[in-house]
Amino acid sequence: MIDRIIDAFDVETTLLAKSEEEAKNIAVQYFKSLGFNDVDVVFVEHSNFAARIRLRVYVFRPGDKYAWLAGGDTE
């Protein structure tokens with residue numbers, strides 16, 4: 001499935017966190033643990049006990065050598 005993603009995917013969720021910084025760290029570490037090392041925090045807003053956060057998880061950045069152009073499996 002990951003081979004079918006052309007550039008990136010976005011995730012938006014609410015995390016239990018004491019601050020925006022903690023929410024950023026939790027989210028980025030989570031995606032790194034899944035093998036995604038290129039993650040941008042697009043938006044974060046802390047309120048009370050949680051933070052609303054939106055991330056962009058890159059499979060390919062613009063200008064990368066795209067596997068899908070090299071004749072990778074598209075089935």
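Taking the six-membered ring for Trp, Phe36 and Tyr30 have ring centres at least 6.0 Å apart.
Using a 4.5 Å heavy-atom threshold, the side chains of Val57 and Asp10 count as separate.
The two residues Leu55 and Val41 come nearest to each other via the heavy atoms CD2-CG2, 3.9 Å. Closest approach of Leu15 and Ala27 over heavy atoms only: CD1-CB, 4.0 Å. The minimum heavy-atom distance linking Ile53 with Ala23 is given by the pair CD1-O, 3.8 Å. Nearest approach of Val11 to Phe31, heavy atoms of both residues: CG2-CZ, 3.7 Å.
No path of Ile, Leu, Val, Met, Phe, Trp and Tyr side chains, each step under 4.5 Å between heavy atoms, connects Leu16 with Ile26, placing them in separate hydrophobic clusters. Note on Ile5: it does not cluster hydrophobically with Tyr58, by side-chain heavy-atom contacts below 4.5 Å among ILVMFWY residues. No path of Ile, Leu, Val, Met, Phe, Trp and Tyr side chains, each step under 4.5 Å between heavy atoms, connects Val42 with Leu34, placing them in separate hydrophobic clusters.
Under 4.0 Å is where a charged nitrogen must lie from a carboxylate oxygen, and between Arg56 and Asp40 no such pair does. Using a 4.0 Å cut-off between charged nitrogen and carboxylate oxygen, Asp38 and Arg61 count as a salt-bridge pair.
Paired with Arg52 under the rule side chain to side chain donor-acceptor pair (under 3.5 Å), one option of Glu12, Glu20, His46 passes, and it is Glu12.
With hydrogens and angles ignored, the 3.5 Å screen pairs no side-chain donor or acceptor of Gln29 with any backbone N or O of Asn25.
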